[in-house]
*Asks:* 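The structure's right below; bear with me while I get my questions together.
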Amino acid sequence: GNTQMKKIIALALVLVLALSLVACGGNGGNVTTYKVGVAIYQYNDNFMTLYRQEIEAYFKTLETDTVKYNITMVDSKNDMAEQTNQIDTFITQGMDVIILNLVQTSSAEVLIDKVVAADIPLILINREPLGETDESYPGIINNPGVCYVGADARQSGTYQGEIVLALDNKGDINGDGVVKYVMVVGDPENPDAQYRTEFSVKALTDAGLTVKELVKNVGNWDQAKGNEIVDAALAQFGEEIEVVFCNNDGMALGAAAAIEAAGRVVGEDIYLLGVDALTECQEMVKAGTMTGTVLNDHIGQSHAAVDAAVAALKGEALQNYYWVN
Ligand code: GAL
């Protein structure tokens, strides 16, 4: 009795399930599912977290009844060997397109070669491999299936400098005619870091100011490192430091804590600049605990990257470079 009943119910469920499957594939089974592999240099990065979440969210909005995106996203944990394995795995898994945020731009060629040999379109994001002359990396310009999507890092540096120029004292708090600053660098081999470092200061010198660099140190985009660097700089140079430039907001958050711990007051006896415009930092700028931050448009960049991936999936030709500013 009871067992028989259970069997009938079970059978009924199987039928319902089978019918609903038929209903879903009702348009002649015409659903195309694209396999998308995404490797992010490191999940533990404020800006790249916003970026990668938006990649997934935006792919979802592009899905239709007949087109689906099956995204496999991996954390390369800031380890180039790990990322190389992940790309090998993507190739074995037969990804239809790969979006790659390189751990090391110096390894771009090796990975590009692998992906191109497997005939998979490759969208490089956020970390631009540079060629002999800017904007002409051979692996990008010579391979129609490879492109780079990013922002012009020169601009964010220049804007940082312009924020300082807009201050009444133009960063020269003690009025001795020299703007003395600390530079917290993101990552030594990343053009984002190089350009922001160079162009923030260039904006000041182009405006005729005299500057002096007291400390320049690499913080790898990391909050804790930004804290250590600025903490040590304040211990060494104290009141002499007038401006702290950080290549990103993550490090600026660490710097802000070091500044506060040293009893210094942003906006009064020191200035603090970041890049990315993280929500947290926008709040700090409003509250005056940070002097300024520059927008790094994770929405525009992630959408441009996904749009390029979708174009490649449709067999459309890719541009070499997509600039988002
Ligand atoms: C930059 C961003 C940094 C960090 C870095 C990673 O564009 O400003 O916060 O995310 O990319 O490569």
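Atoms within a ligand are numbered from 1 in the order they appear, just like the ligands themselves.
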*Asks:* Give the numbers and elements of all ligand 1 atoms closer than 4.0 Å to a heavy atom of N190.
*Replies:*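 Contacts of ligand 1 toward N190, numbered from 1: 12 (O).
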*Asks:* For ligand 1, is there an atom lying under 4.0 Å from some heavy atom of R196?
*Replies:*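 Yes, R196 has heavy atoms under 4.0 Å from ligand 1.
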*Asks:* Under a 3.5 Å distance rule, please check whether Q194 uses its side chain to pair with a backbone N or O of P188 as donor and acceptor.
*Replies:*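 Yes; at least one donor-acceptor contact below 3.5 Å.
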*Asks:* Starting from atom 11 (O) of ligand 1, which protein heavy atom do you reach first, and at what distance in Å?
*Replies:*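 Sorting protein heavy atoms by distance from atom 11 (O) of ligand 1 puts N126 ND2, 2.9 Å first.
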*Asks:* To check your reading of the model: name the closest protein heavy atom to atom 3 (C) of ligand 1, its residue, and the distance in Å.
*Replies:*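 Residue, atom and distance for the closest contact: W221 CE3, 3.4 Å.
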*Asks:* Could you give the distance from CZ (R127) to CD (Q104), rounded to the nearest 0.5 Å?
*Replies:*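 Going from the CZ atom of R127 to the CD atom of Q104 covers 9.0 Å.
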*Asks:* Output yes when a side-chain donor or acceptor of D249 lies under 3.5 Å from a complementary backbone atom of V275, and no otherwise.
*Replies:*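 Side chain of D249 to backbone of V275, a donor-acceptor pair under 3.5 Å: yes, one is there.
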*Asks:* Note the single closest protein heavy atom to atom 1 (C) of ligand 1, along with its residue, its atom name and the distance in Å.
*Replies:*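 Answer, as residue, atom name and distance: D192 OD2, 3.4 Å.
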*Asks:* Mind checking whether Y69 and Y34 have parallel, tilted or perpendicular rings, split at 30° and 60°?
*Replies:*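 The arrangement is parallel - the two ring planes meet at less than 30°.
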*Asks:* Which protein non-hydrogen atom lies closest to atom 4 (C) of ligand 1, naming both residue and atom, and how far is it?
*Replies:*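 Here the nearest protein heavy atom works out to D45 OD2, 3.4 Å.
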*Asks:* If the plane angle is over 60° it's perpendicular, under 30° parallel, otherwise tilted; pick one for W323 and Y321.
*Replies:*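 It falls in the parallel class, under 30°.
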*Asks:* Write out the residue and atom name of the closest protein heavy atom to atom 8 (O) of ligand 1, then the distance separating them to 0.1 Å.
*Replies:*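 Its nearest protein heavy-atom neighbour is D276 OD1, 2.6 Å.
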*Asks:* So among E213, E240, K216, E242, which one has a side chain to side chain donor-acceptor pair (under 3.5 Å) with Y181?
*Replies:*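 The side chain to side chain donor-acceptor pair (under 3.5 Å) with Y181 is passed solely by E213 among E213, E240, K216, E242.
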*Asks:* With heavy-atom distances below 4.0 Å as the criterion, list the atoms of ligand 1 near R127.
*Replies:*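 Counting from 1, the qualifying ligand atoms are 6 (C), 12 (O).
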*Asks:* Looking at every non-hydrogen atom in both residues, tell me the closest pair between Q160 and C246 and how far apart they are.
*Replies:*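 So the two residues come closest at NE2-O, 2.9 Å.
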*Asks:* For ligand 1, which part of N101 has a heavy atom less than 4.0 Å away: the side chain, the backbone, both, or neither?
*Replies:*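 Near ligand 1, N101 shows nothing, with every heavy atom at 4.0 Å or more.
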*Asks:* Give the contacting part of H298 toward ligand 1: side chain, backbone, both or neither, where contact means a heavy-atom distance below 4.0 Å.
*Replies:*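 H298 to ligand 1: no contact under 4.0 Å from either part.
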*Asks:* Is the closest side-chain heavy-atom distance between V211 and T205 below 4.5 Å?
*Replies:*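 In contact.
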*Asks:* Between ligand 1 and Y41, is the shortest N or O to N or O distance under 3.5 Å?
*Replies:*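 Between Y41 and ligand 1, no N or O pair is found under 3.5 Å apart.
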*Asks:* Number the atoms of ligand 1 from 1 as they appear, then name those within less than 4.0 Å of a heavy atom of N296, with their elements.
*Replies:*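 Those atoms are 1 (C), 2 (C), 7 (O), 8 (O).
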